[in-house]
Chemist: 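First the structure, then my questions, so here it is.
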Amino acid sequence: MEECISVFDMLKIGVGPSSSHTLGPWRAAERFLSELKLENILKSTTRVKVDLYGSLSLTGKGHATDLAVMLGLAGQDPEYIPIVNIASIIKEIEDKNEINLGNEIVIPFYFLQDIVFNKNFLPFHANGIKFTAFLDDNSEYESTFYSIGGGFVVKEERINAKKKHQIKCAFPHPIQNAAELLQYTIKENKSISEIVYVNEISMRPEAEVHSELMRIWNTMLECMFIGCHSEGILPGGLNVRRRAFDMHQGLIGLANYNSPQEWLETIRKTEVKFRQILKWVSCFALAVNEVNAALGRVVTAPTNGSAGVIPAVLMYYLVIENHNAGEKEIKQFLMVAGEIGSIFKKGSTISAAMGGCQAEIGVSSAMAAAALCEVMGGTTEQVLMAAEIAMEHHLGLTCDPIGGLVQIPCIERNTMGAIKAINAAELAMETDAKNAKVPLDKVIDTMWQTAKDMNSKYKETSEGGLALSVNMADC
């Protein structure tokens, strides 16, 4: 079944630290509430039990999966909840041993008993979550979801398959792979971003496409701004000290500004030697993922764990590469990035639980490389080549977070993915794409084969690699 995936599916605003382990379970809890309402049994519910399976269980504590589930069941929305309210909502649930289910009915909820961490894996996907509602007539209602990466949640029976097909047919240019995307650009004599824009406005008004793209960018910009101006220790027990603050201070000095946009303009006036550029890009990426690790608001791009790559590369373009760039280029960048990400999702995976970190940092680097290449004037062939180069050099990257936290090595990996994306775009720009030996679709297929061959210890289970050789006591 071919999918119709919007840019706004790939770039989602949410709360850290993980799209598959935090945002996905949060959305699953919301969908479970919707089912209870649809079945007209929400107000008949006397108790709710949540079972986490596989990767959701093994690294759930480090990814705040249990907190996300509670917030979702309490009727909170990850896109709009005030971040400052999260701690107090969780504390109230834990202190009172009750939850306001869907903001409609208060029921007992003992989080240590009612959220169960099961180490076994369900067959359909590594990230399984089952909700059970106990009703006042002694019957039960069960529903199982799977968090498949990037905040996407599905059910095994795929009851919406027909609906998805109908949505797909609404796209004037339905795209399954890079080869199809290239053919559309040739046939229509349009760039990738122009093809994507035609698809997007077939689903929503032009003004909404514009406003939502800018809302995504402004969320990214604010996230970088917050991260660069926040110091201290990240939560979770690893005692990881924030680095973006000190790096930022060393780069910007005593500059004065009063808003994220003024900050951006101030950075444009700073020194741009090679070392400073490396530091700025790294600083932007660190800032985002430190905010993410602290349960802050980020844009899933395509995941929370890789949320720093695309903002860092786009910010690089705006403050270093093209001081005249504005909303037009920002929207162009985001549309290309979203489309490339959707092709990876269709042809492989964006879930580290399924494919290791190549599915997160690798995909985000490919998305950023392609987007940067187009805004710098690259041809469609060069844009696809940039994505291919970026992913080719992330193949086989494992996911082995220490303590199950999206901190080590995850935060630093965003800096590496961003730098690789810039390098990939530059290499593609200096290459005649006719001489390319490896098509993007071949790399995506190889990535999927690599994911299937990868040992489960290196797929976000914290059972191998750095997660095994470095333990919490070492930190």
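All values reported here derive from a predicted model rather than from experimental measurement.
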Chemist: Do Gln449 and Thr446 meet the criterion of a side-chain donor-acceptor pair at a distance under 3.5 Å?
Modeler: no
Chemist: For Arg243, run the side-chain hydrogen bond (donor to acceptor under 3.5 Å, both in side chains) check against His248, Glu231, Glu412, Glu290 and tell me which one passes.
Modeler: Glu412
Chemist: Are Phe284 and Pro311 close enough that some pair of their side-chain heavy atoms sits under 4.5 Å apart?
Modeler: no
Chemist: Between Trp217 and Glu327, is there a side-chain heavy-atom distance shorter than 4.5 Å?
Modeler: no
Chemist: Contact between Thr270 and Leu251 at the side-chain level, heavy atoms closer than 4.5 Å - yes or no?
Modeler: no
Chemist: Between Ser6 and Glu200, does any side-chain donor sit less than 3.5 Å from a side-chain acceptor?
Modeler: yes
Chemist: Taking atom CG of Asn189 as the centre, report whether more than 12 heavy atoms of other residues, nucleotides or ligands fall under 6.0 Å from it.
Modeler: no
Chemist: Check for a donor-acceptor pair, side chain of Asp441 on one end and backbone N or O of Ala178 on the other, with a separation under 3.5 Å.
Modeler: yes
Chemist: Cut-off 3.5 Å, side chains only: do Ser351 and Thr349 have a donor facing an acceptor?
Modeler: no
Chemist: Report yes or no: does Ser19 contribute a side-chain atom to a donor-acceptor pair with the main-chain N or O of Asn304 at less than 3.5 Å?
Modeler: yes
Chemist: Whether Lys12 engages the ring of Phe152 as a cation-pi pair (distance to the six-membered ring centre under 6.0 angstrom, angle to the ring normal within 45°) should be assessed.
Modeler: yes
Chemist: Which residues pass the salt bridge (Lys or Arg N to Asp or Glu O under 4.0 Å) test with Glu208, sequence neighbours left out?
Modeler: Arg204
Chemist: For Glu271, which of Arg268, Arg275, Lys273 qualifies under salt bridge (Lys or Arg N to Asp or Glu O under 4.0 Å)?
Modeler: Lys273
Chemist: What I'd like to find out is whether the side chain of Glu30 reaches to under 4.5 Å of the side chain of Pro78, using heavy atoms alone.
Modeler: yes
Chemist: Keeping Asn414 on the side-chain end and Asn289 on the backbone end, is there a donor-acceptor pair under 3.5 Å?
Modeler: no
Chemist: List the steps and the verdict of side chain to side chain contact (heavy atoms under 4.5 Å, CB included) for Val319 and Trp263.
Modeler: CA-CA 10 Å; Val319 301; Trp263 174 60; over 6 Å; no
Chemist: Looking only at side-chain N and O atoms, does Gln332 offer a donor or acceptor that is under 3.5 Å from a partner on Tyr197?
Modeler: no
Chemist: Is the side chain of Asn127 donor-acceptor paired with the backbone N or O of Tyr146 at a distance under 3.5 Å, no angle test?
Modeler: no
Chemist: Would you check if the side chain of Gln407 reaches a backbone N or O of Pro235 as a donor-acceptor pair within less than 3.5 Å?
Modeler: yes
Chemist: Tell me, yes or no, whether the heavy-atom count around Glu392 atom CD, taken from other residues, nucleotides or ligands under 6.0 Å, exceeds 12.
Modeler: yes
Chemist: Ignoring hydrogens and angles, tell me if any N or O in the side chain of Ser365 forms a donor-acceptor pair with the backbone of Gly362 under 3.5 Å.
Modeler: no
Chemist: Is it the case that more than 12 heavy atoms not belonging to Met247 sit under 6.0 Å from its CE atom?
Modeler: yes
Chemist: Kindly say whether Tyr317 contributes a backbone atom to a donor-acceptor pair with the side chain of Asn322 at under 3.5 angstrom?
Modeler: no
Chemist: I'd like to check Leu182 versus Leu384 (side-chain heavy atoms, cut-off strictly below 4.5 Å). Are they in contact?
Modeler: yes
Chemist: Test side chain to side chain contact (heavy atoms under 4.5 Å, CB included) on Met385 and Leu427; report intermediate values, then the result.
Modeler: CA-CA 9 Å; Met385 186 179 185; Leu427 285 171; over 6 Å; no
Chemist: Using side-chain heavy atoms (C-beta onward) and a distance below 4.5 Å, is Thr185 in contact with Lys190?
Modeler: no
Chemist: Return yes if some donor-acceptor pair links the side-chain N/O of Ser342 with the main-chain N/O of Glu339 below 3.5 Å, else return no.
Modeler: yes
Chemist: So, using side chain to side chain contact (heavy atoms under 4.5 Å, CB included) as the criterion, who are the partners of Thr59 when residues are at least two apart?
Modeler: His21, Ser55, His63, Glu460, Ser462
Chemist: Donor-acceptor pair, distance only, cut-off 3.5 Å: does the side chain of Lys346 make one with the backbone of Ile175?
Modeler: yes
Chemist: Is it the case that more than 12 heavy atoms not belonging to Lys452 sit under 6.0 Å from its NZ atom?
Modeler: yes
Chemist: Do Met391 and Ile340 come within less than 4.5 Å of each other through their side chains, counting heavy atoms only?
Modeler: no
Chemist: Checking the side chain of Lys61 only, and the main-chain atoms of Gly403 only, is there a donor and an acceptor separated by less than 3.5 Å?
Modeler: no
Chemist: Can Ile148 and Met354 be said to form a side chain to side chain contact (heavy atoms under 4.5 Å, CB included), step by step?
Modeler: CA-CA 8 Å; Ile148 61 173; Met354 291 295 288; over 6 Å; no
Chemist: Report yes if the side chains of Pro409 and Leu466 come closer than 4.5 Å at any heavy-atom pair, otherwise no.
Modeler: yes
Chemist: Determine whether Met10 and Ile5 satisfy the following criterion, side chain to side chain contact (heavy atoms under 4.5 Å, CB included), listing intermediate values before the conclusion.
Modeler: CA-CA 8 Å; Met10 297 306 303; Ile5 301 178; 3.7 Å; yes
Chemist: Could you work out, with salt bridge (Lys or Arg N to Asp or Glu O under 4.0 Å) as the rule, every residue matching Glu79, not counting sequence neighbours?
Modeler: Arg27, Arg215
